[in-house]
Amino acid sequence: MDFQKIKIGVISALREEQAGLIEVMQDAVTVQRGMRDYVSGRLWGIESVCVLSRIGKVAVSATTATLIERFGVTHIIFTGVAGAAATGVCIGDIVVASQLVQHDMDASPLFPRFEVPLTGLSHFFSDKHLSTLLSQAASQFIDQEFLKAVSETNRHKFFIDKPVVHEGLIASGDQFISTAFELSQINNRLIDVLAVEMEGAAVAQVCFEFGVPFAIVRTISDNANEDSPVDFVQFLEKIAACYAYGIVRQLFLLLQKESR
Ligand code: SAH
């Protein structure tokens, strides 16, 4: 990746998922577009644009298209939180998407369930290289910074011991999954879903359509069940920000290293 030629769009849905990044940005300039603040500058020496998309597939699609068309980003990273959708994926773990699907897309019988009409696809692949770097960044964050970044009290409170980095399928839809029944419906229809959230697959579709490489990382904030509303809010306040900043920083340091 030629470090001089890249411009990375960094999207999060919520303020806590992007905390600290804008503060460390050099020569930051903010432009408002379609009710979003796009902050351009350099993050650890790399041209970047940070933006909060707001929640849901439409919100993030508009934001992603604007980043590409108006701000000329060459790559997109999404950082945020998600609900766990598989046994073995726990609160505090990190999921890097290898593929994404919209669990609420259903134009059957005209098109097979989950297929995005006229693309011929239901599952969209993230950029392999960028996702590998993102997994590596997440592992480095866990190994080198996690114990310092997240207090012992908060680690105990959320029963986070040693977080695991997973790679696999993320399912997105315009629905906060907060009952075991809703989650089981998704798992009954789609295999190997690791996490559920509300934006990733929309970023994936827009990036696919514009030919822009992207990668998505999610920290697990809740178990996508009846406890979700409480876990989610507390996790966001106490932990999400530390993860997001730490992982993005490690990713940018890896990108820098790669270009040398
Ligand atoms: N109460 C929040 C609403 C957040 S919606 C507020 O007022 O701001 C949940 C956000 O976190 C979405 O951006 C989604 O991508 C992610 N998320 C975390 N856990 C989720 C779950 N169980 N189901 C769906 N999305 C989830």
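For clarity, every value in this text was computed on a predicted model and none was experimentally measured. Both ligands and their constituent atoms are indexed starting at 1 by order of listing.
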In residues 187-197, what donor-acceptor pairs under 3.5 Å come from side-chain atoms, sequence neighbours left out?
unit_1	atom_1	unit_2	atom_2	d
N187	ND2	A85	O	2.9
N188	ND2	S184	O	3.2
E197	OE1	S172	OG	2.7
E197	OE1	E199	N	2.9
E197	OE1	G200	N	2.9
E197	OE2	G200	N	3.0
E197	OE2	R218	NE	3.0
E197	OE2	R218	NH2	3.1

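- Taking a cutoff of 4.0 Å between a charged side-chain nitrogen and a carboxylate oxygen, R42 and D27 qualify as a salt bridge.
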As a test of reading the model: which N/O atoms of the protein lie under 3.5 Å from N/O atoms of ligand 1, and at what distance?
unit_1	atom_1	unit_2	atom_2	d
ligand 1	13 (O)	E199	OE1	3.3
ligand 1	13 (O)	E199	OE2	2.7
ligand 1	15 (O)	M198	N	2.9
ligand 1	15 (O)	E199	OE1	2.6
ligand 1	15 (O)	R218	NH1	3.3
ligand 1	19 (N)	G83	N	3.4
ligand 1	19 (N)	D222	OD2	2.8
ligand 1	22 (N)	I177	O	3.0
ligand 1	22 (N)	D222	OD1	2.9
ligand 1	23 (N)	I177	N	2.9

Enumerate, atom names and distances included, each donor-acceptor pair closer than 3.5 Å involving a side-chain atom of residues 239-256, sequence neighbours excluded.
unit_1	atom_1	unit_2	atom_2	d
Y243	OH	G92	O	2.6
R249	NH1	E145	OE2	3.0
Q250	OE1	Q140	NE2	2.8
Q250	NE2	Q144	OE1	3.4
Q250	NE2	E145	OE2	2.5
Q256	NE2	W44	O	2.3

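- For residues 84-107, the pairs satisfying salt bridge (charged side-chain N to carboxylate O under 4.0 Å, His left out) are K57-D104, D106-R113, with sequence neighbours left out.
- Using a 4.5 Å cut-off on side-chain heavy atoms (C-beta onward), V49 and V39 make no contact.
- Although no hydrogens or angles enter the test, the distance criterion places a donor-acceptor pair under 3.5 Å between the side chain of K7 and the main chain of F71.
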